[in-house]
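Let me begin by presenting the structure, written as structure tokens, before commenting on it.
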Amino acid sequence: MDNNKTNGQPVGLFADKALKDEPHVGYVKAAPTESTQTHATEESNDLTAHAGKKTTIASGEALKLAVVGHTNTGKTSILRTLLRDVYFGEVKNEAATTRHVEQAKLTDSQTGEDLVILYDTPGLEDASGLMDWLEDNTASRRDGIERLQQFLAADIAQGGDALTSSGGNDDYSQEAKVIRQLLASDMAIYVVDAREPVLGKYKDELAILSWAAIPVMPVFNFTDSQDANIDEWQTMLARRNLHISTRFDSVAFEFEDEMRLWQNLATMLTHSEMLEQLMTRRTENWAQLYDEANIIIADFLLNVAAFVYEINEDDDPMPILAQMQEAVRQSERAMQHNLLNLYKFYDNAVAATPLELQAYQQDPFDPELLKSYGIRTTSGAAAGALLGLGIDAAALGTTLGLGAAIGGIAGGLLSNTSSIADKITGVKRLYIDPATLTLLATRAIDLLTALRHRGHAATDATQLLYKGEKTNIEQALDDDGHTVTPWPTHKLPSELKKARGKPQWSSLSSGKSEQAQLLRSDMAWSLASKLQSRESE
């Protein structure tokens with residue numbers, strides 16, 4: 001059902017302004033999600049000029065918000081980030097990617113109620129030419145709505161056969177699609193590529209949009225670019241009585257920027273209950289995502305910390321070491337994918353993810369990676385071994401003595417004879433080294449930070465660095481050059497220390513995934529709380 005119509009008639013602020021539309025059904029690849037629903041707008045032929053007129057959005061009614069702007073300014077990109085949907089629309093680095101109006105809904109994740117209906121419109125390709133036509137063919141004494149109606153009734157607004165039969169050459173059918181949706185909406189956001197200089201064509205676009213007589217708020221995209229011209233834009237906008245604008249970068253995402261966008265829109269409405277409800281629910285959902293992400297990380301770390309393998313004293317540890325390392329690598333990859341899915345990023349060709357950065361592709365058992373994070377192994381583990389392969393010096397006063405023969409794959413494992421009984425029976429227990437646990441924790445927190453600052457419009461790896469993001473080496477150091485890790489390597493949290501004596505907690509040890517996860521669930525909540533408190537410091 002078309003949300004712009006009731007019983008075949010258009011609704012929305014100044015709905016009587018919308019004239020006929022051409023038949024078309026657009027397409028969206030994404031399936032509905034818990035908090036967003038997307039589908040294409042069906043543009044019908046029977047929009048009439050005189051439906052029931054509204055003078056303002058009604059209380060308790062979903063806001064109809066048109067997203068408009070010049071071609072290739074990132075309208076679809078902004079919608080992808082607002083919807084948390086990498087599949088919405090089509091994003092390419094070329095003009096006029098969006099050819100038809102597409103619709104998406106922001107709903108209350110608890111009640112399913114529609115709060116905002118967003119309309120992604122084609123780019124305005126030739127506003128200056130359209131302005132010339134309006135000046136030549138409509139009377140200046142008529143108001144803007146009437147002049148736009150006259151344009152929509154003209155052959156140049158129809159395109160295709162209608163334009164050919166009239167003998168005209170100017171095709172403004174794309175602009176007509178934008179204006180029809182604009183006239184059937186309650187308000188609009190005008191997307192500005194902040195890297196662009198202020199040109200005459202943009203001034204003409206704003207003049208035409210103002211004739212629709214609905215609130216229009218400029219939104220600056222790509223604000224993180226060094227080439228941003230926001231001051232010049234704001235000066236021009238102020239001269240056109242557009243004093244409320246906001247910044248929302250579809251690639252370098254900040255949740256506070258999104259809240260500011262909705263808040264600024266709310267100040268322009270008579271009834272803003274739906275936007276206020278949206279802000280409340282989105283804030284709750286954002287906090288819940290953060291809680292769930294830290295649980296995922298904590299559960300992963302406990303699973304690895306409890307991972308233990310017993311061998312006889314005379315057994316060659318090398319095959320076991322290799323098996324344990326590979327199990328940890330796979331476990332980390334699964335954790336990373338869980339975080340990506342939680343924040344609705346997907347490791348595919350549709351949108352780039354932070355995992356494509358080299359820092360997340362490096363082997364956690366690579367000796368150079370530990371060095372880059374400034375992490376040192378414990379003194380007992382470091383004696384005569386590479387990255388922590390050895391027997392606890394307090395228990396035996398010696399090491400395995402494998403030295404360089406172990407090679408790079410030995411990194412990250414600590415053999416620990418934790419009791420005299422083990423020594424007598426000749427049993428060795430292999431654990432993951434505290435230094436490697438610290439590295440895994442640090443890298444997981446780095447990934448979570450990247451996801452929370454990543455818009456859903458990044459299409460290639462060159463767009464992955466968000467504002468202020470550092471390399472893994474830079475992340476490991478604070479302003480004074482000191483190592484920044486969740487905890488000192490030699491002071492693991494009590495939850496991870498306890499996991500050392502609970503091999504049944506680890507699916508890597510027992511192979512019983514669900515049972516092991518249930519056993520460590522309470523500790524995961526406790527460790528997650530500590531992770532959050534350290535991240536906020």
Side-chain angles (χ1 to χ4, degrees), residues 1-5 10-13 21 24-44 57 61-69 73-92 97-123 177-178 180-191 214 217 219 221 246 248-251 253 255 257-259 261-262 265-266 274-275 277-279 281-282 285-286 343-346 350-351 455-459:
M1 178 178 178
D2 191 340
N3 287 279
N4 275 339
K5 298 188 295 180
V11 296
L13 185 59
D21 207 349
H24 171 73
V25 178
Y27 297 90
V28 183
K29 299 177 183 177
T33 64
E34 178 184 1
S35 59
T36 65
Q37 298 176 349
T38 63
H39 58 83
T41 300
E42 297 181 357
E43 302 175 19
S44 69
I57 182 174
E61 184 174 304
L63 172 71
K64 298 174 181 64
L65 180 63
V67 181
V68 301
T73 56
K75 297 181 293 298
T76 301
S77 295
I78 280 181
L79 281 165
R80 281 188 173 185
T81 297
L82 287 176
L83 296 167
R84 316 285 192 261
D85 184 356
V86 298
Y87 298 104
F88 179 80
E90 185 176 7
V91 174
K92 291 182 179 179
T97 302
T98 301
R99 305 302 299 178
H100 304 285
V101 176
E102 295 189 37
Q103 172 189 296
K105 294 179 180 179
L106 291 177
T107 65
D108 189 312
S109 58
Q110 294 188 11
T111 67
E113 182 182 9
D114 294 341
L115 301 177
V116 176
I117 304 173
L118 297 156
Y119 296 94
D120 188 17
T121 64
K177 293 175 184 178
V178 178
R180 287 191 185 98
Q181 185 57 59
L182 191 70
L183 297 177
S185 300
D186 300 309
M187 64 191 315
I189 61 174
Y190 175 73
V191 180
I214 63 172
M217 185 179 74
V219 174
N221 195 10
T246 194
F248 186 81
D249 196 305
S250 59
V251 174
F253 173 70
F255 184 72
D257 289 345
E258 180 187 340
M259 290 299 102
L261 183 153
W262 299 123
L265 287 174
M274 286 305 195
L275 285 181
Q277 182 177 342
L278 177 68
M279 287 187 284
R281 190 68 69 231
R282 296 218 113 186
N285 291 344
W286 189 248
Y343 282 87
K344 298 184 179 178
F345 291 91
Y346 306 99
V350 177
H456 286 70
T459 56

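All residue numbers refer to positions in the sequence shown, counting from 1.
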Legend entry - Exercise: identify the closest heavy-atom pair between Asn285 and Ser109: ND2-OG, 3.1 Å
Legend entry - Approximate separation, where rounding is to 0.5 Å, of Leu115 CG and Leu275 CG: 8.5 Å
Inset, instruction - Could you give me the CA-CA distance, side-chain angles and deciding distance for Leu118 and Leu83, then say whether side chain to side chain contact (heavy atoms under 4.5 Å, CB included) is met? - result: CA-CA 10 Å; Leu118 297 156; Leu83 296 167; 4.1 Å; yes
Inset, instruction - Kindly compute the distance separating OG1 (Thr121) from NZ (Lys75), expressed to the nearest 0.5 Å. - result: 5.5 Å
Inset, instruction - Could you grab the distance from atom CG of Asp114 to atom CG of Leu63, nearest 0.5 Å is fine? - result: 11.5 Å
Legend entry - Minimum heavy-atom distance between Val68 and Ala188, given as atom pair plus value: CG2-CB, 4.4 Å
Inset, instruction - Not counting sequence neighbours, which residues clear side-chain hydrogen bond (donor to acceptor under 3.5 Å, both in side chains) with Asn221? List them please. - result: Ser250
Inset, instruction - Indicate the atoms forming the closest heavy-atom contact of Pro122 with His100, along with that distance. - result: CG-N, 3.9 Å
Legend entry - Contacts of type side-chain hydrogen bond (donor to acceptor under 3.5 Å, both in side chains), residue Gln277, not counting sequence neighbours: Asp108, Glu113
Inset, instruction - Indicate yes or no: at least one non-hydrogen side-chain atom of Asp85 is less than 4.5 angstrom from one of Arg80. - result: no
Legend entry - Shortest non-hydrogen contact from Thr76 toward Phe88: CG2-O, 3.7 Å
Inset, instruction - Using a 4.5 Å cut-off on heavy atoms from C-beta on, say whether the side chain of Leu65 contacts that of Ser185. - result: no
Inset, instruction - Fit a plane to each ring of Phe255 and Trp286, take the angle between them on a 0 to 90° scale, and name the class: parallel (under 30°), tilted (30 to 60°) or perpendicular (over 60°). - result: parallel
Legend entry - Closest heavy-atom pair and its distance - Asp257, Thr246: O-OG1, 4.4 Å
Legend entry - Spatial distance of atom CD1 (Ile78) from atom OG1 (Thr73) [nearest 0.5 Å]: 7.0 Å
Inset, instruction - Would you name the heavy atoms of Met187 and Leu265 that are closest together and state the gap between them? - result: CE-CD2, 3.5 Å
Inset, instruction - Measure from the side-chain N and O atoms of Thr81 to the backbone N and O of His456, and report whether any donor-acceptor pair falls under 3.5 Å. - result: yes
Legend entry - Intermediate values then yes/no, side chain to side chain contact (heavy atoms under 4.5 Å, CB included), Leu82 and Phe248: CA-CA 10 Å; Leu82 287 176; Phe248 186 81; 3.6 Å; yes
Inset, instruction - Quick one: pull up OG1 in Thr111 and CZ in Arg281 and give me the separation to the nearest 0.5 Å. - result: 6.5 Å
Legend entry - Side-chain heavy-atom pair Val116, Met274 within 4.5 angstrom cut-off: no
Inset, instruction - Taking the side chain as every heavy atom from C-beta outward, state whether Leu106 and Trp262 have any atom pair closer than 4.5 Å. - result: yes
Legend entry - Within-4.5 Å side-chain heavy-atom neighbours: Gln103 and Gln181: no
